[in-house]
Amino acid sequence: TEYFDLLLGTNNTYKTKSDHFRKIYADKNPDLTVFIGDGAADMRVAKEFGAESVGVLTNRPREELEEAGATITCETPLEAIPLIKSFLNK
């Protein structure tokens, strides 16, 4: 797609978000990984793997996502697009 090199969903092969990150780093070895999520666990796993994280405030409060390690937060998934672009322009 225009914005993403790889999209993974949870299934029998990739049961956890950590499984997803291991697959990404094994196959792609990316210079930059941006993870978009709406829960504290999402932010923690992104931090664990050294990824930038965008916390979307659809599920949990901003403070919780920030405390869990969110690089940045936004109100809606659509607002994440310019944030992703900002990581690319660093």
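Atom SG of C74 sits about 10.0 Å away from atom CD1 of I81, to the nearest 0.5 Å. Between the CE atom in M43 and the CD atom in E66 there is a gap of 11.0 Å [rounded to 0.5 Å]. Taking CG of D19 as the start and CD1 of I24 as the end, the distance is 11.0 Å to the nearest 0.5 Å. Interatomic distance, NE2 of H20 versus OG1 of T33, reported as 13.5 Å (0.5 Å rounding). Annotation: the span from R44 atom CZ to E67 atom CD amounts to 10.5 Å, rounded to 0.5 Å.
Of the charged side-chain nitrogens involved, at least one lies within less than 4.0 Å of a carboxylate oxygen, so that D27 and K23 count as a salt-bridged pair. In summary, D38 and R60 do not engage in a salt bridge, as defined by a charged side-chain N under 4.0 Å from a carboxylate O.
Here E48 pairs with nothing under the side-chain hydrogen bond (donor to acceptor under 3.5 Å, both in side chains) rule; sequence neighbours left out. Under the rule for a ring-ring contact (aromatic ring centres under 6.0 Å, His included), F87 has no partner lying at least two apart in sequence or in another chain.
Residue L88 is grouped with residue I72 when hydrophobic side chains (ILVMFWY) are merged at heavy-atom distances under 4.5 angstrom, including chains of intermediate members. The cluster map of Ile, Leu, Val, Met, Phe, Trp and Tyr, joined by side-chain heavy atoms under 4.5 Å apart, puts V34 and V56 in the same cluster.
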F49 vs R22, side-chain contact (heavy atoms from CB on, under 4.5 Å): CA-CA, chis, key distance, verdict: CA-CA 9 Å; F49 283 87; R22 281 190 279 281; 4.0 Å; yes
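Side-chain atoms of N29 never come within 3.5 Å of backbone atoms of Y25 as a donor-acceptor pair (strictly under, hydrogens ignored). Checking side-chain atoms of S53 against main-chain N and O of F35 turns up no donor-acceptor pair under 3.5 Å.
When D42, T73, L65, I36 are each tested for a side-chain contact (heavy atoms from CB on, under 4.5 Å) with V54, only one passes: I36.
Shortest non-hydrogen contact noted between E64 and A40 is OE2-CB, 3.6 Å.
Counted within 6.0 Å of CG on L32, heavy atoms from surrounding residues, nucleotides or ligands total more than 12; the atom is thus considered enclosed.
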